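Structure first, then comments.
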Amino acid sequence: MRLILVALLAGGLIAVSPEMPAFAQPAASTAGYYASWFWLGGDVQAPRSYTKASLGQLPSTKLDVYFNTGAGPVNASYTGVLLWDLLNISRVVVDPSIKNDILRKEVVVTGSDGYQAVFGLGEIAPQFGGEQIIVAYAQDGVPFNASSGFAKLIVPGDKTGGRAVSMIVRVRVVSVK
Ligand SMILES: Nc1nc2c(c(=O)[nH]1)N[C@H]1C(S)=C(S)[C@@H](COP(=O)(O)O)O[C@H]1N2
Ligand SMILES: [Mo]
């Protein structure tokens, strides 16, 4: 019995570790917490994590957006880094033997409360959709308050804020099966 348990645990660890090292996976809770860093990994060659300081060092993009939320409309200017740039830095793994393999990938963005939104890489890749989705770190020039975490996704053109994942802890590239 104990042997089986150990084998199951080991199997689980082996299955999980290449994609998501334990140190890089903050626990998701329903309440959410201020996240001071997020991890970017999955089907990329160079997974890494970002803090406000390291994100702030990358070339920034400013987006003026308008969207509705449960608490009323938001009309603001957000500063952040293009999601595509972050994916490029970590180099998405593509199989050259599969035609336009990038179109079979998606990115899952997760908040510290477990809230998630998924985007197809075809929507973001400049040679296809070229959507200017950013991982924002400031609103109208001011860093987010504690309830937003340091990083929040901004999806230009969205009618409501549902995909504006806040308190980002994880950005993970996955391939369709
Ligand atoms: N992590 C996380 N992000 C989230 C949500 C959430 O529940 N958790 N709600 C979304 C919804 S439904 C909306 S409308 C907006 C609200 O944006 P605001 O925080 O700027 O009001 O946040 C989005 N981002
Ligand atoms: Mo919402």
Side-chain angles (χ1 to χ4, degrees), residues 16 19-44 47-87 89-90 92 105-125 129-176:
V16 167
E19 190 162 277
M20 196 157 310
F23 67 85
Q25 186 183 17
S29 68
T30 45
Y33 55 88
Y34 181 89
S36 58
W37 59 281
F38 68 83
W39 176 82
L40 189 155
D43 289 348
V44 298
R48 55 165 293 181
S49 56
Y50 290 92
T51 61
K52 185 155 65 183
S54 58
L55 202 58
Q57 264 157 27
L58 298 172
S60 66
T61 294
K62 216 172 190 182
L63 293 177
D64 296 319
V65 293
Y66 177 92
F67 56 85
N68 285 301
T69 76
V74 174
N75 190 358
S77 175
Y78 288 92
T79 310
V81 178
L82 288 171
L83 180 55
W84 182 251
D85 286 352
L86 298 181
L87 297 176
I89 288 169
S90 284
V92 175
K105 310 277 169 180
E106 51 204 11
V107 59
V108 187
V109 181
T110 305
S112 63
D113 54 353
Y115 191 79
Q116 295 185 307
V118 177
F119 304 84
L121 291 206
E123 319 308 325
I124 312 169
E131 276 183 36
Q132 302 286 290
I133 297 174
I134 60 170
V135 176
Y137 49 79
Q139 178 176 343
D140 297 323
V142 182
F144 297 128
N145 60 30
S147 65
S148 291
F150 90 91
K152 173 183 187 134
L153 207 67
I154 294 296
V155 187
D158 272 14
K159 314 296 180 283
T160 64
R163 299 199 290 180
V165 180
S166 59
M167 306 178 285
I168 297 175
V169 290
R170 204 152 69 221
V171 176
R172 190 160 65 97
V173 176
V174 298
S175 307
V176 291

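Excluded from the calculations below are hydrogen atoms, water molecules and symmetry mates; all remaining heavy atoms, backbone and side chain alike, are included. None of these values were measured; they are calculated from a predicted model. Ligands are counted one by one from 1 in listed order, and the atoms in each one are counted from 1 as well.
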Margin query: Taking 4.0 Å as the limit for heavy-atom contacts, which would you say applies to Lys152 with ligand 1: side chain only, backbone only, both, or neither?
Written below: side chain

Next item on the list: Give yes if a backbone or side-chain nitrogen or oxygen of Ser112 is under 3.5 Å from a nitrogen or oxygen of ligand 1, and no if not.
Entry: no

Next item on the list: Report yes or no: does Lys159 contribute a side-chain atom to a donor-acceptor pair with the main-chain N or O of Gly157 at less than 3.5 Å?
Entry: yes

Note to self: Less than 4.0 Å is my threshold; does some heavy atom of Thr160 fall inside it relative to ligand 1?
What the structure shows: no

Check: Can you check whether Tyr33's main-chain N or O pairs, donor with acceptor, with Ser112's side chain at less than 3.5 Å?
Finding: yes

Notebook entry, point to check: Does an N or O from Gly111, backbone or side chain, lie closer than 3.5 Å to an N or O of ligand 1?
Noted result: no

Item checked: atom 16 (C) of ligand 1: nearest protein contact (heavy atom, Å) -> Thr69 CG2, 3.9 Å

Notebook entry, point to check: So between Gly162, Ala164, Gly161, whose heavy atom ends up nearest atom 15 (C) of ligand 1?
Noted result: Gly161

Next item on the list: Say whether Ser166, considering both its backbone and side-chain N or O atoms, lies within less than 3.5 Å of an N or O atom on ligand 1.
Entry: yes

Checklist line | Output field: ring centroids Phe38/Tyr50 closer than 6.0 Å | finding: yes

Margin query: With a 4.5 Å cut-off on side-chain heavy atoms, are Gln132 and Leu82 touching?
Written below: yes

Checklist line | Shortest protein heavy-atom distance from atom 9 (N) of ligand 1, along with the residue and atom involved | finding: Tyr115 CZ, 3.8 Å

Next item on the list: Measure Asp113 to ligand 1 on non-hydrogen atoms and call it side chain, backbone, both or neither using the 4.0 Å cut-off.
Entry: side chain

Next item on the list: Output the list of atoms in ligand 1 that are nearer than 4.0 Å to some heavy atom of Met167, sorted by atom number.
Entry: 1 (N)

Notebook entry, point to check: Relative to the ring of Phe67, is the ring of Tyr78 parallel (under 30°), tilted (30 to 60°) or perpendicular (over 60°)?
Noted result: parallel

Margin query: Treating Asn68 as the side-chain partner and Thr160 as the backbone partner, does any N or O pair qualify as donor plus acceptor under 3.5 Å?
Written below: no

Note to self: Has Ser54 got a side-chain atom pairing as donor or acceptor with Thr51's backbone, closer than 3.5 angstrom?
What the structure shows: yes

